[in-house]
There are 2 protein chains.
Amino acid sequence: MTYSDKLISYYKTIANDCVLGVSLDCVIFGFHDTRLKVLLLRWKGTDEWCLPGGFICKTESVDDAAGRVLHERTGLNELFLQQFHLFGEANRYDREDTWQRQKMPMPFSGSWPDRTISMGYYALVDYTKVTPTADFLSDVCGWFDVGELPSLLYDHCRIIHVALQTLRLQLNWQPIGLNLMPEKFTIPELQRLYEAVLGRPLDSRNFHKKITGLSILTRLDERRTGKAHKSPYLYQFDLPNYQRALVNGNLIFV
Amino acid sequence: MTYSDKLISYYKTIANDCVLGVSLDCVIFGFHDTRLKVLLLRWKGTDEWCLPGGFICKTESVDDAAGRVLHERTGLNELFLQQFHLFGEANRYDREDTWQRQKMPMPFSGSWPDRTISMGYYALVDYTKVTPTADFLSDVCGWFDVGELPSLLYDHCRIIHVALQTLRLQLNWQPIGLNLMPEKFTIPELQRLYEAVLGRPLDSRNFHKKITGLSILTRLDERRTGKAHKSPYLYQFDLPNYQRALVNGNLIFV
DNA sequence: ACAAAAGTGTTTAAACTACACCCATGA
DNA sequence: TCATGGGTGTAGTTTAAACACTTTTGT
């Protein structure tokens, strides 16, 4: 059975079990080494990348489908996952161009619709806990700097940019720190995250004052050592206070 | 040809021309007599109401489809129209209960999917310019106070509540005043709008100070007369300054 | 000892909150 | 003349922004 045969069989299964004409794409954000990252898949046999995505089973809620895709690609459950935009243009991308770059005949026969509406989700995950896992259509799954994206199929470049815009807007009301940071972290590391999302530097004294003033962090006795400078304290989130601050809309950094 | 026959033919046309399994629902907000209103349709031959909605033509963008539905129901073009949530649960509502209340056999035959995903849009319109117009499935189209909704089909009650929540959150960054107010209005009238959306009273002195301080309003020489008290000045939005304030995120009333 | 980042406090300006009286109008 | 809501200012408090030096650590 050739790959092309397998592909046709794969799409037949999808057409049978899933809602046709609707897909979802997940922009999975992580944070590592002062950079905001996004998880991408490399299309088999090409140098083209795309977002993790999938279809919605006939008896499955769309949010659950997004959770499933995310679990399959990262190994994580109970992620912070949020709808952000429905990409519903009749001609979202240049189909000819994409097929050519995908280097394979797309098995679009009778039942397959000739336009797909895609729901965009973004997820915030702890980079250190993710096991990037490719899917049937891809051979590599890996992280990319949001500022240094490779060649992307479909309209996925636009989807990432809309996700990033949304993330910036929601920085103040969403538990972005909690979901993107590892369990223990230093205040300067958290500041790097906010700077990476906002795309501009913040004043360390004001940041420190603000973040500690919210009482959402607990300072541990440990410190992060090993660098040629003063060892910063490690902190972790105080969950009850964090939730409270979110509800009250206090997590503001403009 | 009975209504039931027409209905079957109607759904056949939809199944032929539109994307199957996806619909859209529009929560159309207006403002009148100090109250926030929403436009509803009465299902033919029943006392049940629902949101204006529709399907997406095969070659139409989803946003355009929402604009079309809105134009058909209100007579307005170029409305402020915004995606707010995808309602994608596999069992969004009790189907048996809904069919019974709709008092008609739903023509769900072979090609009709047994679950529908619906994209929620909200629109802000000038109440005074709207000509409510029923559609094929409804016999009445009219405004309701968001606080006094009638019996609603499907999950439309939930959809309205999610729309309202979104509207509250977006009050600060969306041109809500501009779209919901008539061309000329008084500052107390605008304050009533903000109070209606926020659901709580605002201090008139602070409101006046704030709104005039933004330089987004032009005071006209006219005043609104006819009431047994001091006649308030009429204002209109200064569009260039309004846009600027929106971009800068200055339209905040918490 | 040096380089590199962490930790910390004050001052100033802007924004927000609370609060009360007089005025114009129509009944 | 009375009832109703419109118009307006100030003081106190809170919040944000700007800004620099000392400490710790590893090399």
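Throughout, protein chains are lettered first and strands after them, A, B, ... in sequence-line order, and every chain is numbered starting at 1. Since the model is a prediction, treat every value here as computed from it, not as a measurement.
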K.L.:
Mapping B/K227 and A/D203 onto DNA chain C by nearest heavy atom, which one lands closer to the 5' end?
P.N.:
A/D203
K.L.:
If the condition is salt bridge (Lys or Arg N to Asp or Glu O under 4.0 Å), which residues does B/D63 pass it with, not counting sequence neighbours?
P.N.:
none
K.L.:
Closest approach to the side chain of B/P232, judged atom by atom: which nucleotide of D/dT25, D/dC19, D/dG7 is it?
P.N.:
D/dG7
K.L.:
Rounded to whole angstroms, how far apart are CZ on B/R200 and C1' on C/dT17?
P.N.:
12 Å
K.L.:
Tell me the interatomic distance from A/F185, atom CZ, to C/dA6, atom P, rounded to whole angstroms.
P.N.:
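These atoms are roughly 14 Å apart.
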K.L.:
In this structure, how many angstroms lie between the C1' atom of D/dA18 and the CG atom of A/L202, rounded?
P.N.:
14 Å
K.L.:
Rounded to whole angstrom units, what separation is found between the CD atom of B/E195 and the P atom of D/dG5?
P.N.:
13 Å
K.L.:
Residues in salt bridge (Lys or Arg N to Asp or Glu O under 4.0 Å) with B/D139, at least two apart?
P.N.:
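Listed in chain order: B/R42.
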K.L.:
With respect to the side chain of A/H208, which nucleotide from C/dG7, C/dT8, D/dT25 is positioned closest?
P.N.:
C/dT8
K.L.:
Mind listing the N/O atom pairs, protein and nucleotides 20-22 of chain C, below 3.5 Å?
P.N.:
from, atom 1, to, atom 2, distance (Å)
C/dA20, N7, B/R205, NH1, 3.4
C/dA20, N6, B/R205, NE, 3.4

K.L.:
Roughly how many Å is it from CZ in B/F207 to P in C/dA15, rounded to a whole number?
P.N.:
17 Å
K.L.:
Are A/F31 and A/Y194 close enough, and set up right, to give a ring-ring contact (aromatic ring centres under 6.0 Å, His included), and what steps lead you there?
P.N.:
CA-CA 10 Å; A/F31 180 67; A/Y194 274 84; 9.6 Å; no
K.L.:
Report the residues that fulfil salt bridge (Lys or Arg N to Asp or Glu O under 4.0 Å) with A/R101, sequence neighbours left out, ordered by chain and then residue number.
P.N.:
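A/E48, A/D97.
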K.L.:
Going by the salt bridge (charged side-chain N to carboxylate O under 4.0 Å, His left out) test, which pairs reach into residues 223-242 of chain A, not counting sequence neighbours?
P.N.:
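Pairs touching residues 223-242 of chain A that pass the test: A/E189-A/R224.
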K.L.:
So, using salt bridge (Lys or Arg N to Asp or Glu O under 4.0 Å) as the criterion, who are the partners of B/R205 when residues are at least two apart?
P.N.:
B/D203
K.L.:
Can B/S118 and B/S23 be counted as having a side-chain donor-acceptor contact under 3.5 angstrom?
P.N.:
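Checked: B/S118/B/S23 side chains pair up, N/O donor to acceptor below 3.5 Å.
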K.L.:
Can you measure B/R219 atom CZ to D/dG6 atom C1' for me and round it to whole angstrom units?
P.N.:
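Atom CZ in B/R219 sits about 12 Å away from atom C1' in D/dG6.
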K.L.:
With sequence neighbours left out, which residue pairs that include part of residues 160-177 of chain B fulfil the salt bridge (charged side-chain N to carboxylate O under 4.0 Å, His left out) condition?
P.N.:
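Sorted result for residues 160-177 of chain B: empty, none.
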K.L.:
What nitrogen or oxygen pairs link the protein and nucleotides 10-12 of chain C at under 3.5 Å?
P.N.:
from, atom 1, to, atom 2, distance (Å)
C/dT10, O4, A/K209, NZ, 2.9

K.L.:
Taking atom C1' of D/dG6 as reference, at what distance in whole Å does atom CG of B/L190 sit?
P.N.:
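Result: 15 Å.
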K.L.:
Could you say whether B/R223 or B/H229 is positioned toward the 5' end of DNA chain D, judged by the nucleotide with the nearest heavy atom to each?
P.N.:
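The answer here is B/H229.
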K.L.:
Rounded to the Å, how far apart are A/R224 CZ and D/dG26 P?
P.N.:
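Nearest whole value for this atom pair: 14 Å.
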K.L.:
Does A/S138 have any side chain to side chain donor-acceptor pair (under 3.5 Å) partners at least two apart in sequence or in another chain, and if so, which?
P.N.:
A/D135
